[in-house]
Amino acid sequence: MSSLSDLINLSLCDYTDKVIAEYIWVGGSGKDVRSKARTISEYVSDPSKLPKWNYDGSSTGQAPGEDSEVILYPQAIFRDPFRRGNNILVICDSYTPAGEPIPTNKRHAAAKIFSHPDVVAEEPWYGIEQEYTLLQKDVKWPIGWPIGGFPGPQGPYYCSAGADKTFGRDIVDAHYKACLFAGVNISGINGEVMPGQWEFQVGPSVGISAADELWVARYILERITEIAGVVLSFDPKPIPGDWNGAGAHTNYSTKSMRKEGGYEVIKKAIEKLGLRHKEHIAAYGEGNERRLTGRHETADINTFLWGVANRGASIRVGRDTEKSGKGYFEDRRPASNMDPYTVTSMIAETTILWKP
């Protein structure tokens with residue numbers, strides 16, 4: 001007699017060429033991921049060879065009920081760590097039946113920026129540090145915290161080990177390996193300053209692929225926490241008070257920054273980012289004002305400043321970059337719930353295309 005787990009883990013490769021494709025898209029809040037599956041006749045590695053599909057946009061807050069059909073355009077393919085075999089995860093973006101991007105489709109606008117010849121020539125690299133918090137399902141309180149109470153103050157939890165300091169490592173390691181299996185360019189993980197909070201890093205990845213990879217990594221994490229019975233939060237300040245918030249620090253460089261003399265290019269790019277500080281903050285995530293207070297390793301939301309090795313700055317330049325005279329910098333302003341298509345493309349637009 002087969003068990004449910006036997007059937008879930010059933011390999012299809014020896015019995016059929018058909019493949020299950022899980023189509024994934026961003027929902028109406030701009031922060032939620034949605035997905036549904038379909039069968040395709042054989043394995044496909046090129047997203048342009050996958051069929052377009054549709055969904056009910058009135059059920060995701062993306063279309064009115066009287067005209068609810070929204071079309072999915074496949075854009076990037078990853079291996080499916082849940083079904084495994086030849087099955088795939090497909091990152092899609094959303095369009096009207098007439099072929100117009102819907103308002104919540106941030107990928108379309110980003111693709112225009114990343115396809116601009118000046119941006120292509122600069123080969124922008126990104127490394128995104130995605131922080132998140134794991135919550136107990138029924139009380140929405142961080143895992144490892146006493147219900148209705150608080151653990152000891154911050155200090156012993158960052159990059160820690162031990163049952164009294166580290167909570168959720170099995171989920172985090174499962175996600176790490178699942179992302180590597182999927183083909184996500186995940187470069188590391190670590191426990192964060194607040195207990196129950198973690199971080200994974202995607203990159204270095206070029207252009208729009210960084211955002212595609214972050215979205216599929218978020219989806220995989222949602223699925224793993226679903227299995228574990230834990231709630232995943234990307235809230236930038238999940239617990240008020242003397243606790244660190246959650247960001248999505250975005251590391252960035254261009255070809256010119258990575259060459260000899262690149263430090264001067266970096267300083268000019270930072271100057272341009274400062275001139276558009278308000279525009280960037282407005283696009284860097286909902287609720288970010290609760291996180292960017294000037295405390296807990298942040299700069300005040302209304303203040304733009306940069307510095308070398310300064311984690312209380314808006315933009316941090318690493319010691320190695322200063323020493324070698326070339327490299328990258330870190331934009332520390334994006335919130336954990338930011339849209340990576342918006343953030344990555346906006347940084348490229350401001351530093352490469354925008355003329356003050």
Side-chain angles (χ1 to χ4, degrees), residues 22-36 38 47-48 50-76 89-116 119 124 126 128 130 202 207-219 222 232-236 247-248 250 276-291 301 331 333-350 352-354:
E22 190 79 26
Y23 279 43
I24 302 165
W25 70 96
V26 181
S29 73
K31 300 186 291 291
D32 56 319
V33 282
R34 308 288 182 125
S35 75
K36 62 177 185 173
R38 67 179 297 164
S48 69
L50 286 170
K52 294 174 184 174
W53 205 9
N54 63 75
Y55 65 92
D56 172 17
S58 68
S59 296
T60 62
Q62 294 173 294
E66 65 274 12
D67 187 16
S68 66
E69 189 169 288
V70 180
I71 312 301
L72 291 169
Y73 287 31
Q75 300 290 358
L89 304 177
V90 185
I91 289 291
C92 306
D93 58 354
S94 303
Y95 297 79
T96 68
E100 295 297 320
I102 66 172
T104 54
N105 180 353
K106 307 303 182 186
R107 192 186 192 280
H108 182 265
K112 284 186 174 180
I113 292 170
F114 283 119
S115 63
H116 190 287
V119 176
Y126 297 90
I128 303 173
Q130 176 68 72
V202 166
I208 205 166
S209 64
D212 287 336
E213 290 177 8
L214 189 69
W215 271 118
V216 80
R218 285 176 172 178
Y219 173 81
E222 289 276 16
L232 172 63
S233 172
F234 290 117
D235 190 291
T250 302
R276 297 190 76 198
H277 178 63
K278 288 184 179 179
E279 292 89 338
H280 279 257
I281 287 295
Y284 272 17
E286 185 180 339
N288 213 8
E289 71 284 350
R290 293 184 282 115
R291 167 180 162 261
I301 194 168
D331 191 338
R333 298 170 296 172
S336 50
N337 60 10
M338 62 82 160
D339 186 294
Y341 295 124
T342 299
V343 169
T344 57
S345 62
M346 193 172 192
I347 292 172
E349 180 186 34
T350 295
I352 301 171
L353 301 179
W354 185 63

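At a cut-off of 3.5 Å, with distance as the only test, a side-chain donor of Tyr55 or Gln62 sits close to an acceptor on the other residue. Between the side chains of Thr250 and Tyr126, no donor N or O sits under 3.5 Å from an acceptor N or O.
The nearest pair of heavy atoms linking Ser35 to Tyr219 is OG-OH, 3.1 Å. Nearest heavy atoms, Asn288 versus Pro334: ND2-C, 4.3 Å. The two residues Pro236 and Gly287 make their nearest non-hydrogen contact at CG-O, 3.5 Å. In plain terms, the two heavy atoms of Val70 and Ala63 that are nearest each other are CG2-CB, 4.0 Å. In terms of heavy atoms, Pro47 sits closest to Pro74 at O-CB, 3.6 Å.
Rounding to the nearest 0.5 Å gives a distance of 13.5 Å between NZ of Lys31 and CE of Met338. The CD atom of Glu279 sits 11.0 Å away from the OH atom of Tyr284 when rounded to the nearest 0.5 Å. Here CG of Asn54 is found 11.0 Å from OG of Ser94. Values are rounded to the nearest 0.5 Å. In this structure, Glu69 CD and Ser58 OG are separated by 11.0 Å, a value rounded to the nearest 0.5 Å. To the nearest 0.5 angstrom, Trp215 atom CH2 is 13.0 Å from Trp25 atom CH2.
Side-chain contact between Val119 and Leu353 is present, with heavy atoms from C-beta onward closer than 4.5 Å. Residues Thr96 and Ile71 have side chains not in contact (no heavy-atom distance under 4.5 Å, counting atoms from C-beta outward). Pro101 is not listed as a side-chain neighbour of Asp93, based on a closest heavy-atom distance of 4.5 Å or more. Considering only heavy atoms from C-beta on, Arg34 stays 4.5 Å or farther from Ile24 through its side chain. Within the 4.5 Å cutoff, side-chain heavy atoms of Leu50 are placed close to those of Tyr23. Within the 4.5 Å cutoff, the side chain of Gln75 has no heavy atoms near those of the Cys92 side chain. Contact of the Lys52 side chain with the Leu72 side chain is not registered, since no non-hydrogen atoms from C-beta on lie closer than 4.5 Å.
Partners of Tyr73 by ring pair (Phe, Tyr, Trp, His ring centres under 6.0 Å), not counting sequence neighbours, listed by chain and number: Tyr95. Contacts of Asp331 classified as salt bridge (charged side-chain N to carboxylate O under 4.0 Å, His left out), with partners at least two apart in sequence or in another chain: Arg333. Not counting sequence neighbours, the partners of Asp212 by the salt bridge (charged side-chain N to carboxylate O under 4.0 Å, His left out) test are Arg107.
Counting non-hydrogen atoms of neighbouring residues, nucleotides and ligands closer than 6.0 angstrom, the CD atom of Glu286 reaches no more than 12 such neighbours. Applying the 6.0 Å contact sphere to NZ of Lys36 captures more than 12 heavy atoms from other residues, nucleotides or ligands.
Just one residue in the list Thr344, Thr350, Val343 forms a side-chain contact (heavy atoms from CB on, under 4.5 Å) with Ile347, and that residue is Val343. Applying the side-chain contact (heavy atoms from CB on, under 4.5 Å) test between Glu349 and each of Arg276, Lys112, His116 identifies Arg276 as the sole match.
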Do Gln130 and Val202 pass the side chain to side chain contact (heavy atoms under 4.5 Å, CB included) test, and can you show the C-alpha distance, the side-chain angles, and the key distance before you say yes or no? CA-CA 8 Å; Gln130 176 68 72; Val202 166; over 6 Å; no

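With hydrogens and angles ignored, the 3.5 Å screen pairs a side-chain donor or acceptor of Ser345 with a backbone N or O of Thr342. Although no hydrogens or angles enter the test, the distance criterion places a donor-acceptor pair under 3.5 Å between the side chain of Asp32 and the main chain of Ser29.
Salt bridge status for Asp235 with Arg290: present, with a side-chain N to carboxylate O gap under 4.0 Å.
For the pair Arg218 and Phe234, the cation-pi test (distance below 6.0 Å, angle within 45°) is passed.
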